[in-house]
Amino acid sequence: MSSIREDNDGEINPNKALVDRFGRIARKLRLSVTDRCNMQCIYCMPRDTDKNDKTGINKEGIPKGWWLAKDEVLSYEEFFRISQIMAQFGIEKIRITGGEPLLRPGVQELVSGLSKINGIRSISMTTNGIYLCEKADQLKSCGLQSVNISLDTFKAARFKAMCGIDGLHRVLNSVHASENAGLKVKINMVVIRGWNNDEVVDFANFARETGHVVRFIEFMPLDGSGIWSPELVVSKSEIISKIRNDICDIEASAIVDSNCATSYDTRSTPAKLYSFTDGKGTIGFIPSMTEPFCEQCDRLRITSDGRLLTCLFENPGYDIKNLLRGGKTDKDIADYILESVRKKPEGVISIIRSKALKPTLNLMHTIGG
Ligand code: SAM
Ligand code: SF4
């Protein structure tokens, strides 16, 4: 029997599914609920590079006027409405991100609301983990299923240098608190040459000791400081060689899991999972720069200021906030989203092909990773 998104002959109906001109069907949605953050990761936020010039810099070292004004950010009701509309067109999984999502008051109410939307099978969150230790239990009881916790180093001084604050202890506490709350935990490590690439083996061992999947992410040109360069990217293959050499052999997993604890088709997740051949531990790779997965991309994003991005590298995307606040009906908004998704670009793969990669192609903290 065909689903509502398919015609009788089993073909995808483009008026009922979020399908683009390359035939990719969106099933995952990321909501960036704030652009604000309490950290300044070197690969994400702008940095005060001239410490002597304080004009135009606020107390956190972020340029003044950098954050969006409160009313420019979508309300929870607006995020909920978009999610409800998109769930009718096949979105099944929602990830809440930011900026730092746990800085936004009441985010657990959003989790609770989203988890009740018809068709939504999983709600997850990507967080820097600073405030997660206190909130893990409540988030779990509101319907959150899994958390991706960003952690780039186990060295306290390096944490401060890379992320701008003293926070290592709190992040590690959050990993434990999340486990205890029953949340599925994954660790995201952005690997940057000369900053933390000497710790990849420690992170692989952490995956083996804790049972949490550690995902090694290639540095993408989505940073606020413009420091990205190809030389700073540490490739998946380089990390694999190091781990094989220093720990033991690893092999690609046939079945991987995605945002939740269920088995999942490898074609619809960017993380390429590998298991250690001694049976202890799983690691993942997000090789966006050296092995882009654009052909399998099944995700859409809503930025904190209410734009639909059909690709991480798309800018400015499509203004949904204007429709939400302009009295448009759900049908008007759905039609606009369906039409915009149809125009989804091929992806970073075409930017790489045309040798047009350069720093600051987009800003990760407004998009949400
Ligand atoms: N503040 C939260 C956090 O850090 O987990 C959520 C937002 S953050 C933008 C989402 C993810 O994007 C994090 O795992 C972060 O490490 C990753 N990220 C940020 N900038 C990146 C970049 N330039 N290249 C690759 N990953 C990046
Ligand atoms: Fe903040 Fe996350 Fe960006 Fe780090 S990666 S600066 S924690 S938004």
Side-chain angles (χ1 to χ4, degrees), residues 30-48 60-62 66-68 95-104 107 124-132 135 146-153 159-168 170-171 174-175 178 185-193 195-197 203 213-230 232-236 239 259 270-271 284-290 292-293 299 301-304 309 312-313 348 357-369:
R30 296 195 167 197
L31 305 177
S32 175
V33 296
T34 177
D35 63 321
R36 290 177 185 246
C37 192
N38 51 336
M39 303 224 300
Q40 268 180 287
C41 301
I42 190 72
Y43 47 77
C44 181
M45 283 287 168
R47 284 275 176 110
D48 171 13
E60 292 98 18
I62 305 268
W66 187 266
W67 306 129
L68 294 165
R95 175 170 297 278
I96 296 171
T97 174
E100 175 44 40
L102 294 179
L103 284 188
R104 184 148 176 194
V107 72
S124 54
M125 181 178 284
T126 303
T127 167
N128 62 29
I130 297 292
Y131 294 116
L132 184 59
K135 299 187 176 172
S146 67
V147 279
N148 287 1
I149 301 176
S150 300
L151 177 63
D152 307 307
T153 175
F159 188 102
K160 177 139 199 226
M162 278 190 89
C163 304
I165 63 168
D166 272 318
L168 177 61
R170 286 189 69 86
V171 179
S174 290
V175 172
S178 305
V185 176
K186 287 182 224 160
I187 307 295
N188 281 353
M189 177 196 195
V190 179
V191 188
I192 307 186
R193 193 175 311 285
W195 283 84
N196 62 349
N197 53 314
F203 273 78
V213 175
V214 169
R215 291 132 40 101
F216 300 100
I217 304 178
E218 290 180 354
F219 182 21
M220 292 184 272
L222 303 170
D223 56 317
S225 297
I227 64 155
W228 184 90
S229 80
L232 296 183
V233 176
V234 182
S235 70
K236 172 188 160 205
I239 298 172
N259 293 335
F285 294 89
I286 306 194
S288 320
M289 295 290 100
T290 63
F293 36 84
R299 58 194 56 192
R301 296 174 164 83
I302 300 292
T303 62
S304 36
L309 293 189
L312 253 184
F313 291 82
V348 69
L357 278 180
K358 56 179 186 344
T360 320
L361 282 173
N362 225 335
L363 290 179
M364 195 65 131
H365 73 102
T366 59
I367 311 169

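The structure presented is a predicted model; accordingly, all values stated were derived computationally and were not measured. When reading the values below, keep in mind they use all heavy atoms of this one structure, side chains included, and skip hydrogens, waters and symmetry mates. Counting convention: from 1, in listed order, for ligands and their atoms alike.
Judged by distance alone, the side chain of E100 and the main-chain N or O of R36 form no donor-acceptor pair under 3.5 Å. Without hydrogens or angle criteria, D35 side chain to L68 main chain gives a donor-acceptor distance under 3.5 Å. K135 places a side-chain N or O within donor-acceptor distance of the main-chain N or O of L102, the cut-off being under 3.5 Å. Side-chain atoms of Q40 come within 3.5 Å of backbone N or O of P46 as a donor-acceptor pair. Side chain of N128 to backbone of S150: no donor-acceptor contact under 3.5 angstrom is found. Using modelled atom types, one side-chain atom of S225 and one backbone atom of M45 make a donor-acceptor pair closer than 3.5 Å.
Between F159 and D152, the closest side-chain pair of non-hydrogen atoms is not below 4.5 Å. Between L309 and I367 there is a side-chain heavy-atom pair separated by less than 4.5 Å.
Looking from atom 24 (N) of ligand 1 to the surrounding protein, the closest heavy atom is M220 N, 2.9 Å. Protein heavy atom nearest atom 3 (Fe) of ligand 2, with residue, atom name and distance: C44 SG, 2.4 Å. Nearest protein neighbour of atom 13 (C) of ligand 1, counting heavy atoms only, is S150 OG, 3.2 Å. The protein non-hydrogen atom at the shortest distance from atom 19 (C) of ligand 1 is M364 CG, 3.2 Å. If you check which protein heavy atom lies closest to atom 2 (Fe) of ligand 2, you get C37 SG, 4.4 Å.
The shortest N or O to N or O distance between T127 and ligand 1 is below 3.5 Å. Considering backbone and side-chain N/O atoms, Y43 comes within less than 3.5 Å of an N/O atom of ligand 1.
By the 4.0 Å heavy-atom criterion, E218 is counted among the residues contacting ligand 1. Ligand 2 has G99 within reach: a non-hydrogen atom of the residue lies less than 4.0 Å from it. Within the structure, ligand 2 lacks M364 among the residues with a heavy atom less than 4.0 angstrom away.
Against a heavy-atom cut-off of under 4.0 Å, N128 is close to the following atoms of ligand 2: 7 (S). Interface of M39 with ligand 2, defined as ligand atoms under 4.0 Å from a residue heavy atom, comprises 6 (S), 7 (S). Which parts of ligand 1 touch I217 is read off a 4.0 Å heavy-atom cut-off, strictly below it: atoms 25 (C), 26 (N). Against a heavy-atom cut-off of under 4.0 Å, Y43 is close to the following atoms of ligand 2: 5 (S). Every atom of ligand 1 is numbered from 1 in the order shown, and the set under 4.0 Å from a heavy atom of V190 is 16 (O), 26 (N), 27 (C). For ligand 2, the atoms sitting less than 4.0 Å from at least one non-hydrogen atom of M45 are 6 (S), numbered in the order shown with element in parentheses. Heavy-atom proximity to N188, at under 4.0 Å, picks out these atoms of ligand 1: 14 (O). Near T97, meaning under 4.0 Å from any of its heavy atoms, are these atoms of ligand 1: 6 (C), 7 (C).
Inspection of the R30 and T97 side chains reveals no N or O donor paired with an N or O acceptor under 3.5 Å.
Across the listed options C41, G98, C44, G99, G99 owns the non-hydrogen atom lying nearest to atom 1 (N) of ligand 1. Which of E100, H365, M45 comes nearest to atom 2 (C) of ligand 1 through a heavy atom is settled by distance: it is E100. The option with the heavy atom closest to atom 6 (S) of ligand 2, from among P46, C41, G129, is C41.
Across all their heavy atoms, L363 and D223 have their closest contact at CD2-O, 3.7 Å. Between M125 and R95, the shortest heavy-atom distance links the atoms O-NH1, 3.2 Å.
Aromatic ring pairs are classed by plane angle as parallel below 30°, tilted from 30° to 60° and perpendicular above 60°; the pair W66 and H365 is parallel.
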Check the pair S32, R301 against side chain to side chain donor-acceptor pair (under 3.5 Å), reporting the backbone distance first and the verdict last.
CA-CA 8 Å; S32 175; R301 296 174 164 83; over 6 Å; no
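With a heavy-atom cut-off of 4.0 Å, I367 does not touch ligand 1 at all.
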